Participant: 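Below you will find the structure I want to go over with you.
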Amino acid sequence: MTDKTPTGPGKGDHLYLIDGSGYIFRAYHALPPLTRKSDGLPVGAVHGFCAMLWKLLEETKGEDAPTHLAVIFDASGVSFRNEIYPAYKAQRPEPPEDLVPQFGLIRDATRAFGLPCVEMEGFEADDLIATYARQAADAGAKVTVISSDKDLMQLVREGVELMDPVKARRIGPEEVMEKFGVTPGKVIDVQALAGDSVDNVPGVPGIGVKTAAQLLDTYGDLETLLEKAEEIKQPKRRENLIAFADQARVSKLLVTLKDDVEVPEPLSDFAVRDPEAGPLVGFLKAMEFTTLTKRIAGKLDADAGEISATAEFAADPDAAVDEAPPVEAGAPGAAVAGQAAPIDTAAYQTVTDMETLDRWIARCFAAGVIAVDTETDSLDAASANLVGVSLATGVNQACYIPLAHRAGDGLDLDGNGDAPKQLDRAEVLERLRPLLADPATLKVGQNIKYDLLVLARHGVEVAPYDDTMLISYTLEAGAHGHGMDELSKLHLDHAPIPFKEIAGSGKSAKTFDLVPIADATRYAAEDADVTLRLWNVLKPRLLAERKVTVYETLERPMARVLAGMEREGVKVDVKVLNRLSNDFAKEMARLEEEIFALAGERFTIGSPKQLGEILFGKMGLVSAKKTATGQAATGADVLEELAAQGHDLPARVLDWRQVSKLKSTYTDALPTYINKETGRVHTSYSLAATTTGRLASSEPNLQNIPIRTDMGREIRTAFIAEPGNVLISADYSQIELRLLAHIADIPQLKTAFAHGLDIHALTASEMFGVPVEGMDPSVRRRAKAINFGIIYGISAFGLANQLHIPQEEARTYIARYFERFPGIRTYMDETKAFAREHGYVETIFGRRIHVRGIDQKQPSARAFAERAAINAPIQGAAADIIRRAMIRLPGELAAARLKARMLLQVHDELIFEVPEDEADKTAALVKRVMEGATLPARQLSVPLTVETGRGPNWDAAH
DNA sequence: GTGTGGCA
DNA sequence: TGCCACAC
C-alpha cells in the first residue's frame, strides 16, 4: 500500500465502495453476536467491519488491491423516492436494540481507519454507490461494490462487480443470472414487476421474480411487455399487467438507482493511504478487539501497549460488569462522575441559521445516538406550543434551536433591543423530520412521551427512541424518583440549572417562550447533554442487570401508546357536569343549614380543627383518637363511629364531605380541563410515578372518578362518545386474586378460578365451614374483605378497621385463613425474606421493585415495608399484564381494520371509543387480546377473564 | 397495598 | 404540610 497522488481512479486502478449501512444489517444477522467485555456494548458488526476493512487494505494483493476506497452510508430514512411513492420503505421494522449503537460506531471505525465516510441527505447509499461506480467505470477503473444488497445487482457490468462482505463471494453477471434469471441490465425490469415487500415496492400483483424473468425473456423489456400485455394468454396475469401497468412504472422509478447524483466528495478524495496507528489502534483497543488490535498494531509497526484506548469510545469503567458488582440502587457511590468532562454550559451552541442547523443534523446522523428535548410554553403536552428543540451528540456537545421565543412585555431578549433571531419553526421541523425518523439514529429523551406528544401534534414522528426516565425506572423503581434533576445528581453528581433560575417562580414566572435565548440555550442544551450522559451511564446497566426485556417489552413501548391515548383525550358533557354541580351546591347548602342548626353556630365544616372543637369541645363527644399533630381526629372512621352511636351532626358532616368532594374535585374541576382545540379532556399518564408499575393519571386524574355511591356514579354519565360512537370498557375480573393464586400456588383458589366459581363465597366456605349454597351475604362480605386484605399484606389492625370488628377477632380470621391456605403464609414469609436479603422484589415478568425500609428497627415501620413487599409482586404483575395488552392493542385493532381508539386505563380496565357498528367486534377482539396478554412470556396456572361493557358510562362491576 | 387532588 | 376522600 503506497501513498498516491490524489487523482481520480483511472485505468489500472481499483475502486472499492462499501455499503456501510447494508453491511451492518448483513453482519448483524450473519455473524455471531459479540459484546464488549467490560460493559456489554454490542460490537459484533463493528468487529466484522474492522476485520473486513483490514483484510481489504492489507491482504488483498495484485489487481484486487484497492487504490481507492470509501464507505457509503444512508443519510436518513427518507429519500427522493418518498416523493414519488410515500409508502416506500415505510413499514420497515425498527432495527434491533443491540444494533442501533453500532451504526454510529461503524462510522467511527471508518474514520479511525482514515477512510472517507460519505452520505448525503435525500439519497440512499445505493444512489451514491451507483454514481461513484459509473464515474469510475467510465474512467476505465475497476469497481468492486461491497454489499449483498440485491438492489445493487443492477450495477454489475464490465468492470463492476459486487462482493458479499460476509461470505467474501464475488457476484458477477452469472450470479445475477442465478438470482434474477436475467442479465444485470434487466434486473430493474424484474424488480419493477416483482416488487419488494420489504421496501414496499408494489410491483404487479401475482408476478414474482420467476414469472417476471420469463416474461422479459419473451418480450425483451418492461415497456414492450406492458404495451403488448393484451397478448398474454393467462387471463389473471394479463388483467393484472394491464391494470397495474402504471404501478409497475412507478416501481421501476423506485428501484432504479440514480447514477448522476451531485456527490458531495470527488472520487479523487478516495485514494487509499496507510492508516495512522494512533487513532486506529486506539479505537480497536477501546472496542476491546484484542486479537485484531494485536494483529493490526503489529503490521503498522506500532506498540499496542503504548497506545491507549481512545477515551471517546472506551467503556465507562464504573459501568463495568466483570470488575465491579452492579451499583447498589441509590447508594452514595452510585454517582458516576469520573469519566466524562464536567458540564460546560458555555460550550453549548444556539442555532439561528440553516447552515449551523444542517451541520448539527449531520453530526447527529454521524453520532448514531443523540439526545432530544423539546421546550414548550406550558407543561401540559396536550396544548403546549413548541418553543424550541435541543439536541446533544456527545459530552458538552449540545445545541438549542429556538423556534418561537417572543419579545413579550417589552423585554429585551438578546440584550441589544432586537426581537430574538430564530429560524422558522415549520422549516426546522422539516429538516429535523428525517433525523427523528431515521431508523439508524437512536433518539434519547428524558420522559420522551412528552416530546413524542408535542412533536406528533406538529406532525413529526420519532423512532427509534429510548427514555432515560424509563431505563432508570426499570432498574430502580421504588428506590428513588426518576426526574432529571434527581437522576443527574445521583448519577452525574451534577445539579442541572433549575427552571426557576431562568424563568423565575411564583407570580413573576415566565413561560419558556419569554425566556431570553441565551438563558434558554444554557438550560435546554444542558437538559439534552445531561440526558445523553445519563443514557451512557444507565443503558449499559440494563444489559448487565438483565433487564433489557423488561425495558423493551413493558416500559419503552408504553411511551408511544400513552402519547396516543393522551392525544385522543375523552369527550365530556359539560351540561351534565354543570347540572350536577348545581345539584351538589344545593345539597351542600341544605346540609350546611342542618349542621349549623345541630351545632348551634356557623363554622367552617371543612376545617378539621373547627369541626373538632365543635364535636369534642362544645358538644362534649368523646374523641376516639388523635392525629399525628395532636389534633382530635375527625376522619371518616371516627365520624362513622359517632354516627353509629346515634349522633346526627357527624352523620351530616360525612354527607357534606362526600358532596363537597364530588363538587370540587369532579364536577367543578373537570370542565376546566377541556382543551379548547379538541373540546376533549386530555389526562396525563405518568409511567414512573408508582413503585409497582401501575400508571398514575393526573391533570385531571381520570383514575379516581367516583363509582361507589349513586351520587358519585352520576359523574360517569358525563363521559361520552362522539355521535355515532359508543364507549366500551373492558376490565380484568379479580386479576390480583388470580395472580395471588398463581404466585402463591393455592390449589383451592386455582381450582375455583378454573371453574369460574364465586371466589369470595368459596373463601367464606373454606374459612367458616358453611356451604356456598344459601350463604349469608354478610359472611361472603367478610371473606371478600379478607381476600382484599391478603393482597395488601394484611394486618389485624387493618382488617379490624375494615370490618368494624375487634383486632382479636381479625387476628383469628387471619390465622384461620393461613391454616386453610398455607401457601399464602409461605408466599408472605418468602417474599419478606427475599426483600430483606436483596432490597427488592420482582414480578413474574421480571419487573424489579425496590422496597425501602425493610430492615428498619421500628416494628410498625418495618411491617409497613413488609406489606408493601408482599403486595408489590401481585399489583406489579397485574400492571405488567395490562401494559402488555395495551402495547399490543393498537396494532391488533389496526390489523382488524377497526376504528376503535383506546382512551383510558384505570389499572385493571381499558376504555375505548368505538363506532357503534363495530362495538361488538371490537369488544371481542379487546377481550381476546387482554386475556391472552400473559403469553408468550408467561403461562399462568389460572385463567384470566375480561368482562366487557358498553354504554355512556363505564362499568360498575368491581 | 398503590395513587391524585382539594382545602385549611 | 397534613388531612381527607376518591379510585383500583
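Proteins come first, then strands; the chains are lettered A, B, ... in the order of their sequence lines, and each starts at number 1. Below, each value reflects all heavy atoms present in this structure, side chains not excepted, and no hydrogens, waters or symmetry copies. Quick caveat, the model's predicted, so the values are computed rather than measured.
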Participant: Nearest to the side chain of Phe864(A), heavy atoms from C-beta on, is which of dA7(C), dG3(B), dG1(B)?
Facilitator: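 Looking only at heavy atoms from C-beta outward on Phe864(A), the closest nucleotide is dG1(B).
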Participant: Could you check which of dC4(C), dC8(C), dC7(B) has an atom nearest any side-chain atom of Ser664(A)?
Facilitator: dC7(B)
Participant: Check every strand shown and say whether Glu736(A) touches a base, only sugar-phosphate, or nothing at a heavy-atom separation below 4.0 Å.
Facilitator: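 No contact.
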Participant: What does Ala689(A) touch in the nucleic acid at a heavy-atom separation under 4.0 angstrom: a base, only the sugar-phosphate, or nothing?
Facilitator: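 Counting heavy atoms under 4.0 Å across all strands, the contact made by Ala689(A) is with sugar-phosphate only.
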Participant: With a 4.0 Å cut-off on heavy atoms, is Arg694(A) in touch with a base, just the backbone sugar-phosphate, or nothing at all?
Facilitator: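 If one applies the 4.0 Å heavy-atom cut-off, Arg694(A) turns out to touch a base.
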Participant: Please classify the nucleic acid contact of Gln610(A) as base, sugar-phosphate, or nothing, using heavy-atom distances under 4.0 Å.
Facilitator: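 If one applies the 4.0 Å heavy-atom cut-off, Gln610(A) turns out to touch nothing in the nucleic acid.
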Participant: So does Lys832(A) pair up with Glu837(A), basic N to acidic O under 4.0 Å?
Facilitator: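 Here Lys832(A) does not pair with Glu837(A) in a salt bridge, since their nearest N and O are not under 4.0 Å apart.
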Participant: State whether Glu555(A) and Arg883(A) are salt-bridged, where the test is any N-O pair (Lys NZ or Arg NE/NH1/NH2 against Asp/Glu carboxylate O) under 4.0 Å.
Facilitator: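 A salt bridge links Glu555(A) with Arg883(A).
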Participant: Nearest to the side chain of Arg716(A) - dA7(C), dA5(C), dG6(B)?
Facilitator: dA7(C)
Participant: Could you check which of dT2(B), dG5(B), dA7(C) has an atom nearest any side-chain atom of Ala868(A)?
Facilitator: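 Selected nucleotide: dT2(B).
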Participant: If you check the Ala696(A) side chain, which of dG1(B), dT4(B), dC4(C) turns out closest?
Facilitator: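 Taking heavy atoms from C-beta onward, the closest nucleotide is dT4(B).
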Participant: Say you draw a straight line from CG of Leu687(A) to CG of Leu470(A); how long is it, rounded to the nearest 0.5 Å?
Facilitator: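 Going from the CG atom of Leu687(A) to the CG atom of Leu470(A) covers 5.5 Å.
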Participant: Using a heavy-atom cut-off of 4.0 Å across all strands, would you classify Asn871(A) as base, sugar-phosphate, or nothing?
Facilitator: sugar-phosphate
Participant: Picking from dC8(C), dT2(B), dA8(B), which would you name as closest to the side chain of Tyr792(A)?
Facilitator: dC8(C)
Participant: Before we go on, tell me: are the rings of Tyr817(A) and Phe821(A) under 6.0 Å apart, centre to centre?
Facilitator: yes
Participant: Look at all strands and tell whether Gln875(A) reaches a base, only sugar-phosphate, or nothing, counting heavy atoms closer than 4.0 Å.
Facilitator: base
Participant: Would you mind classifying the nucleic acid contact of Ser697(A) as base, sugar-phosphate or nothing, using non-hydrogen atoms under 4.0 angstrom?
Facilitator: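 The residue Ser697(A) makes sugar-phosphate contact but no base contact.
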